[in-house]
Structure formats: structure tokens, C-alpha cells
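Within every chain, numbering begins at 1; the chains are lettered A, B, ... in the order of the sequence lines, protein sequences first and strands thereafter. None of the values given here were measured: they were computed from a predicted structure.
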There are 2 protein chains.
Amino acid sequence: MGVKILQKPEEATASDLKPRDRLLHTARDLFHQHGIKGIGVEAITEAAGTNKMTLYRHFGSKDDLIVECLQKAINETMSKWDELELEYPDNPKAQLIAWIGAGAQCIASDKRGCEIANAAVELTEPDHPGRRVIEEGKKEHRRRLVGLCQRADLTQPELAADTLCLLFEGARISRQSDGPEGPCARFKRMAEGIVAAYERK
Amino acid sequence: MGVKILQKPEEATASDLKPRDRLLHTARDLFHQHGIKGIGVEAITEAAGTNKMTLYRHFGSKDDLIVECLQKAINETMSKWDELELEYPDNPKAQLIAWIGAGAQCIASDKRGCEIANAAVELTEPDHPGRRVIEEGKKEHRRRLVGLCQRADLTQPELAADTLCLLFEGARISRQSDGPEGPCARFKRMAEGIVAAYERK
DNA sequence: GCATACTGTTACCGATCGGTCACAACAGAG
DNA sequence: CTCTGTTGTGACCGATCGGTAACAGTATGC
């Protein structure tokens with residue numbers, strides 16, 4: 001119980017971020033890997049290299065933490081949409097193909113599927129604060145996909161966008177039970193086929 | 001604390017089934033409504049009109065109960081496949097259209113999606129006994145869908161079946177975050193479009 | 001009648017859950 | 001240096017979790 005040298009090495013788990021950001025980042029990862037109900041706050045704080053009090057000082061409750069994680073995930077997705085438009089300016093068809101490619105990569109690399117969709121499975125109470133975030137996020141995502149299909153001049157852009165949406169969602173959820181060699185493996189081919197089918201000729 | 005008249009009326013929750021079947025039925029329903037990790041064994045026994053000891057005498061653990069529920073769900077799905085074949089014998093195309101119709105009805109009526117897929121989201125440990133059941137069940141489902149597409153003489157039956165599979169899975173998961181008016185609402189139209197696209201002409 | 005098998009009841013176990021308390025240690029700004 | 005705001009520590013709370021022990025009641029078959 002002598003003098004304790006602490007707070008200096010700050011090695012391993014803890015990056016140079018502030019505790020709040022470390023908590024958010026770690027919580028998001030652990031929620032995704034183990035499920036929201038499958039991980040406790042204590043495990044999150046330990047993995048983030050901090051403690052429960054610090055968590056509860058920044059986030060009032062586990063539910064609040066969940067909400068912030070979901071919001072962060074959605075913001076990240078929206079940023080990717082923005083990047084996509086910047087990468088192929090004034091070329092919506094290329095943006096659409098790039099979106100499909102990014103989706104396929106996402107399916108291949110992440111075996112746990114979509115954080116948002118998974119959260120919707122676990123957050124069953126209709127009045128859970130996270131549900132609003134989930135629903136708004138998915139609606140916005142749909143809006144952007146429809147917009148892209150419109151700009152890409154597809155015939156029946158709404159139907160095409162919804163089809164692509166279901167294929168993508170289906171691939172991400174299917175991967176969790178049918179594995180990477182299951183139906184999800186053909187997502188790219190299917191999606192590109194849909195785009196071709198709705199192209200104006 | 002006088003004489004208690006019990007076990008005679010057996011009203012309300014308890015049907016005339018034996019405790020084991022009541023437990024299985026109730027557990028399946030509650031797992032589906034609240035999530036596997038979202039419901040405790042005590043709540044299940046109460047809803048089933050019995051008690052914890054009876055549960056643990058029939059099922060060794062909560063995990064065992066989960067496994068039996070998943071297996072029952074899969075058996076039910078397989079029975080529906082059999083019924084489909086009996087209903088339209090030697091008419092695989094009609095069976096396929098009927099499968100799509102049943103799927104659409106299922107999407108419309110059940111807001112909580114697929115029990116099996118949801119379980120895959122919650123059961124994150126790779127060695128959980130339920131995972132084997134999930135994976136085998138989904139593989140068998142895929143096999144049957146491919147077989148039906150083959151018998152229906154679709155060109156590229158595997159690709160068609162996988163596309164239908166992803167659309168269905170996507171619709172069921174999407175319904176949980178995007179609601180019944182979201183992309184899932186057009187499942188039937190999309191699926192019939194896929195069948196038409198892969199029809200031999 | 002009896003024996004056997006199943007069910008119900010109550011109390012209990014240790015572990016973990018989300019969440020809080022009081023207090024000490026620290027960092028940076030003035 | 002002091003003041004202030006942010007962290008860390010460890011003990012603690014009540015509630016709930018999955019699971020068990022011991023015993024009493026009931027149903028059925030012989």
C-alpha cells in the first residue's frame with residue numbers, strides 16, 4: 001500500500017483518447033460483439049481502462065450509453081454516404097456500384113452484421129429511447145438509397161432501392177446464421193443484377 | 001392457511017396441455033417477444049402457470065430450453081414446407097408462389113421477425129448449443145428453397161433461391177427497424193419479380 | 001388399499017446486474 | 001501556490017439472474 005505510480009504508462013487498452021471517447025468506442029465494440037444485453041457495464045469500463053463512476057458521470061445510464069452508441073454508428077454510416085458522393089461526383093451510377101462494393105466488403109469482413117438491426121432485435125420495449133434512433137436512422141438510410149437510385153436514373157427507383165435495401169439487410173442477418181458461404185456470399189452479384197435490371201435502356 | 005382448492009379450475013393461462021408442453025410453448029412465445037436474454041426463467045414459468053422446479057426437471061437449464069424452442073421452431077417451418085408440397089402436388093411453380101405469399105403474410109403479421117435469425121443475433125458465443133441448431137436449420141431451409149427453384153425449372157436455381165432467401169430474411173429483419181410500411185412492404189412484389197426474371201421463356 | 005411418478009411450494013444459494021456513495025488523487029489554469 | 005474540474009478506488013445498495021434442496025400434495029396404475 002505504498003506510493004502507487006499510476007496514470008503515467010497508460011499502456012495497452014487505453015489509447016490517448018479521453019475516458020468518455022474510450023468508453024463510447026469500447027461500448028460500441030462490445031455491444032456489437034456480445035450483444036447489448038450480453039455485456040455488462042463493468043466489463044465495458046474495464047475494457048475501456050476506466051471505471052464505473054466515470055461511465056455514469058458521462059452517461060446517466062446504460063440506456064443512455066446505448067443511445068449514444070447507436071447514434072454514433074448512424075453518424076458514421078452517413079459520413080460514408082457523403083464520402084461516396086465526394087469520390088464519384090456527378091456520377092450517381094458509379095456511386096451506386098461503389099455502395100454495393102462497400103456493402104459486400106462489409107458483409108465479408110463483419111460476421112456480426114448490422115449494429116442497428118441487431119439492436120432492434122434486442123431492444124424489444126417499444127418505448128426504449130434507442131428505438132427512435134434506430135427507426136430514424138433506417139429511414140434516413142432508405143431515403144439516401146432511394147435518392148441515389150433516382151439520380152442514377154433507374155426505372156422505378158423506389159422499388160429498386162427497397163430491393164437493394166432488403167438484399168443488404170438480408171445478407172447481413174443471414175451471415176450470422178448461414179455463415180459467409182451462405183446466400184450472403186452472392187450479394188454483390190445479386191445487387192448488380194438488380195441495378196442492371198432497372199437500368200433505362 | 002386453510003384447505004386450498006387447487007389444480008382443479010386450471011383456468012386462464014394454463015391450457016389442457018401438460019406442464020412440459022406449456023413451458024415449451026410459453027417460452028418460445030416469450031423468447032420471441034422479449035428476446036432470449038430479455039426474459040428470465042421465472043417469468044416463463046409464471047406465464048406457463050407452473051414453477052421453476054418443474055421447468056428444471058424437464059429441461060436441465062435455460063440453454064437446454066432455448067435449444068428445444070429453436071428446434072421446435074425449425075420443425076414447424078419444415079412442416080409448413082411439407083404442407084406446401086401437399087397442397088400443390090407436382091406443381092412446383094405454384095408451390096413457389098404460395099411460399100412467397102405465406103412469407104408475405106408472415107412478414108405482415110409478425111413484427112418481431114424470424115425467431116431463428118433473432119436467436120443468432122443474441123447467441124453470440126460460437127459454442128452455444130443453440131448455434132448448431134440455428135445453422136443446421138438455416139442450411140436445411142436453403143436446401144429446400146434451392147430444390148423448389150430447381151423443380152420450378154428456374155434458370156440459375158441456386159442464385160434465384162439465394163436471392164429469394166436474402167429478400168425474405170431482409171424483409172423480416174427490416175420490419176423490426178423500418179416498420180411494416182418500410183421496404184418489407186414490397187417483398188411479395190419483389191420476390192415474384194425475381195421468379196419471373198429467372199423463368200425459362 | 002398401495003406404490004410410483006409427477007407436480008407444486010417455499011426458501012434459499014452464489015453470482016451478477018445496473019447504479020451510487022464518499023473520498024482520494026490528479027491535471028491544468030490562474 | 002491554490003483553486004477547480006476530472007478521474008480513480010472500493011465498498012456498497014437492492015434487485016434479479018440461473019439454479020437447487022427439501023418437503024408436501026396429487027394423479028394414476030395395480
Side-chain angles (χ1 to χ4, degrees), chain A residues 1-24 26-27 30-31 34-69 122-123 125 128-130, chain B residues 1-24 26-27 30-31 34-69 122-123 125 128-130:
Chain A
M1 62 215 350
V3 178
K4 279 196 272 179
I5 301 133
L6 44 82
Q7 199 106 351
K8 207 52 199 293
E10 195 104 355
E11 59 199 338
T13 47
S15 56
D16 54 350
L17 294 167
K18 299 222 126 199
R20 187 179 204 280
D21 294 313
R22 270 183 285 150
L23 279 166
L24 213 65
T26 308
L30 293 182
F31 284 152
H34 305 281
I36 292 175
K37 302 248 173 97
I39 197 87
V41 290
E42 189 112 54
I44 294 172
T45 61
E46 278 174 23
T50 178
N51 52 74
K52 247 200 287 193
M53 270 315 299
T54 300
L55 188 152
Y56 280 99
R57 277 190 279 243
H58 285 292
F59 313 91
S61 66
K62 187 186 182 182
D63 280 345
D64 290 358
L65 177 60
I66 293 167
V67 169
E68 288 226 32
C69 285
E122 291 202 85
L123 270 27
E125 306 103 339
H128 189 288
Chain B
M1 61 219 346
V3 178
K4 279 197 273 179
I5 302 131
L6 46 82
Q7 199 108 350
K8 209 52 200 291
E10 196 104 358
E11 59 197 340
T13 48
S15 57
D16 54 352
L17 293 167
K18 300 223 126 198
R20 187 178 203 282
D21 293 313
R22 271 184 286 147
L23 280 166
L24 213 63
T26 308
L30 293 182
F31 284 152
H34 305 281
I36 292 175
K37 302 250 174 93
I39 196 87
V41 290
E42 189 112 54
I44 294 172
T45 62
E46 277 174 25
T50 178
N51 52 74
K52 245 198 289 193
M53 272 314 300
T54 300
L55 187 152
Y56 280 100
R57 278 190 278 244
H58 284 293
F59 312 91
S61 65
K62 186 185 182 182
D63 280 345
D64 291 358
L65 177 61
I66 293 168
V67 168
E68 287 226 33
C69 286
E122 291 203 83
L123 271 24
E125 306 102 339
H128 189 288

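Shortest non-hydrogen contact noted between B:Leu30 and B:Ile44 is CD1-CA, 3.9 Å. The minimum heavy-atom distance linking B:Val67 with B:Gly130 is given by the pair CG2-N, 3.7 Å. The two residues B:Tyr56 and B:Ser61 come nearest to each other via the heavy atoms CE2-CA, 3.8 Å.
The CG atom of B:Asp63 sits 7 Å away from the P atom of D:dG19 (whole-angstrom rounding). Going from atom CD1 of B:Ile44 over to atom P of D:dG19 covers 11 Å, rounded to whole Å.
Contact annotation: side chain of A:Arg57 to base of D:dG8, donor-acceptor pair present below 3.5 Å.
Proximity of A:Thr54 to the phosphate of D:dT7: no side-chain N or O atom is located under 4.0 Å from OP1 or OP2. OP1 or OP2 of C:dT7 lies within a sub-4.0 Å distance of a side-chain N or O belonging to B:His58. Dashed line: the shortest gap from a side-chain N or O of A:Thr50 to OP1 or OP2 of D:dT7 is not under 4.0 Å.
Side-chain proximity of B:Met53 to C:dT7, C:dT10, D:dT7: nearest is C:dT10.
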Dump the pairs, protein N or O against N or O of nucleotides 15-18 of chain D, anything under 3.5 Å, distances to one decimal.
| residue | atom | partner | partner atom | Å |
| --- | --- | --- | --- | --- |
| D:dG18 | OP1 | B:Lys62 | NZ | 2.6 |
| D:dG18 | OP2 | B:Val41 | N | 3.0 |

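Panel note: side chain B:Lys62, backbone B:Val41; no donor-acceptor pair is recorded below 3.5 Å. For B:Glu68 (side chain) and B:Leu24 (main-chain N/O), no donor-acceptor pair under 3.5 Å exists by modelled atom type.
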Could you check B:Thr45 against B:Thr54 for side chain to side chain contact (heavy atoms under 4.5 Å, CB included), going step by step and ending with a plain yes or no? CA-CA 8 Å; B:Thr45 62; B:Thr54 300; over 6 Å; no
